[in-house]
Amino acid sequence: MSTSQGPGRGVEVRHLRAFLAVAEEGSVTRAAARLRVSQPVVSRTLAALEGRLGVRLVDRSTHHLALTPEGAVFRDKAALAVSAFDDAVTPGRPHPRPLRLGHAWSALGPYTTPLLRTWQQRCPQTPLELLRIDDRTAGLARGEVDAAVLRGPVDTPGIVTEVLYTEGRVAAVAADGPLAARASLSLADLTAGAVVLNTVSGTTTLGLWPQDDRPAATLTVANTDDWLTAIAAGRGAGVSGSSTAGMHPHAGVAYRPLEDAPPLPVLLARRDGPAHPALPELLSLAREIVTWDGE
């Protein structure tokens, strides 16, 4: 196929797979090992993709490869395209493709187990895979999952959300610290020290506090595990949805209700477009489950 008829002509799935491997591994060497090809093959394939698109996707100026702004935008589009291609070329698979449900840290909280158990009883022909992905959309924007449980506002283009329920917020503090001795806390109680913020998949920002009464300092982390570790070490306090207390117990962390924090909406999100055939059943079941008592 000619590549001289405009940007994007001649792009093949192999180009996208090579680019995604480089983007995820941050290294041509590791990408080559993952794809089981040589480093020169990956480099040539990536260069060919950039040539066909007419844009630089990867910044090669440092030892650790990084995506350019254009590359970061293209990554999500490439992931969706590869996912759609894989679905399209396997229509006759002997078993239905699993329905992948992403979440960033606490899934559906107390409703998670009832959802999984009831799905297995009602739809045993379609496995439901619960995947934790540390990403604001839990992998949904990149096509890694078919639907996702998200918390807080979501403004990512192409994603449709439905509020399933709301949950209260809790403060997470060091178990051996003075705040742990309190039965409940207020946002103002957390302003004297640092607050730990998960800037990748978390929902808490400084905007939760009044402009004139915000925490003295912040510590940023990239996932729930590092968030818990920092709090347990006494490096700061955290704020999260109440489900976190049940889904992520930690010996060094005490969870206390926040009296004055607004509730956190829990959403079921999907992409606006073609979807997994079992997604309507998942949406219906999720709505049904959250009306139960979460036993």
With the side chain counted from C-beta on, respond yes when [X] and [Y] share a heavy-atom pair under 4.5 Å apart, and no when they do not.
X      : Y      : answer
Leu101 : Leu268 : yes
Leu264 : Thr203 : yes
Leu258 : Leu187 : yes
Tyr255 : Leu185 : no
Leu99  : Leu282 : yes

With salt bridge (Lys or Arg N to Asp or Glu O under 4.0 Å) as the test, would you mind laying out the steps for Arg97 and Asp146 before giving the verdict? CA-CA 11 Å; Arg97 179 173 70 79; Asp146 303 295; 2.9 Å; yes

Is a side-chain donor or acceptor of [X] paired with a backbone partner of [Y] at a separation under 3.5 angstrom?
X      : Y      : answer
Ser27  : Arg30  : yes
Thr156 : Ile159 : no
Arg169 : Pro262 : yes
Thr112 : Gly109 : yes
Trp227 : Val221 : no
Ser284 : Pro280 : no

Worked check of side chain to side chain donor-acceptor pair (under 3.5 Å) between Ser186 and Asp189: CA-CA 5 Å; Ser186 68; Asp189 292 328; 3.1 Å; yes

Using a strict 4.0 Å threshold on nitrogen-to-oxygen distance, state whether Glu281 and Arg122 make a salt bridge. no

Arg270/Glu162 ion pair, N-O < 4.0 Å: no

Can you confirm whether the side chains of Thr244 and Trp105 place a donor and an acceptor under 3.5 Å from each other? yes

Do Asn198 and Ser201 meet the criterion of a side-chain donor-acceptor pair at a distance under 3.5 Å? yes

Residue pairs passing the salt bridge (charged side-chain N to carboxylate O under 4.0 Å, His left out) test where at least one lies in residues 123-138, sequence neighbours excluded: Arg132-Asp134, Arg132-Asp225, Asp135-Arg142

Could you walk me through whether Arg60 and Glu50 pass the salt bridge (Lys or Arg N to Asp or Glu O under 4.0 Å) test, one step at a time? CA-CA 13 Å; Arg60 301 168 177 80; Glu50 292 177 324; 2.8 Å; yes

Could you label the plane-to-plane angle of the Phe74 and Phe19 rings as parallel, tilted or perpendicular, counting under 30° as parallel and over 60° as perpendicular? tilted

Verify the cluster assignment for Leu164 and Leu116: are they in a single hydrophobic cluster under the rule of side-chain heavy atoms below 4.5 Å apart? yes

Atom CZ of Arg214 with >12 non-hydrogen neighbours under 6.0 angstrom: yes

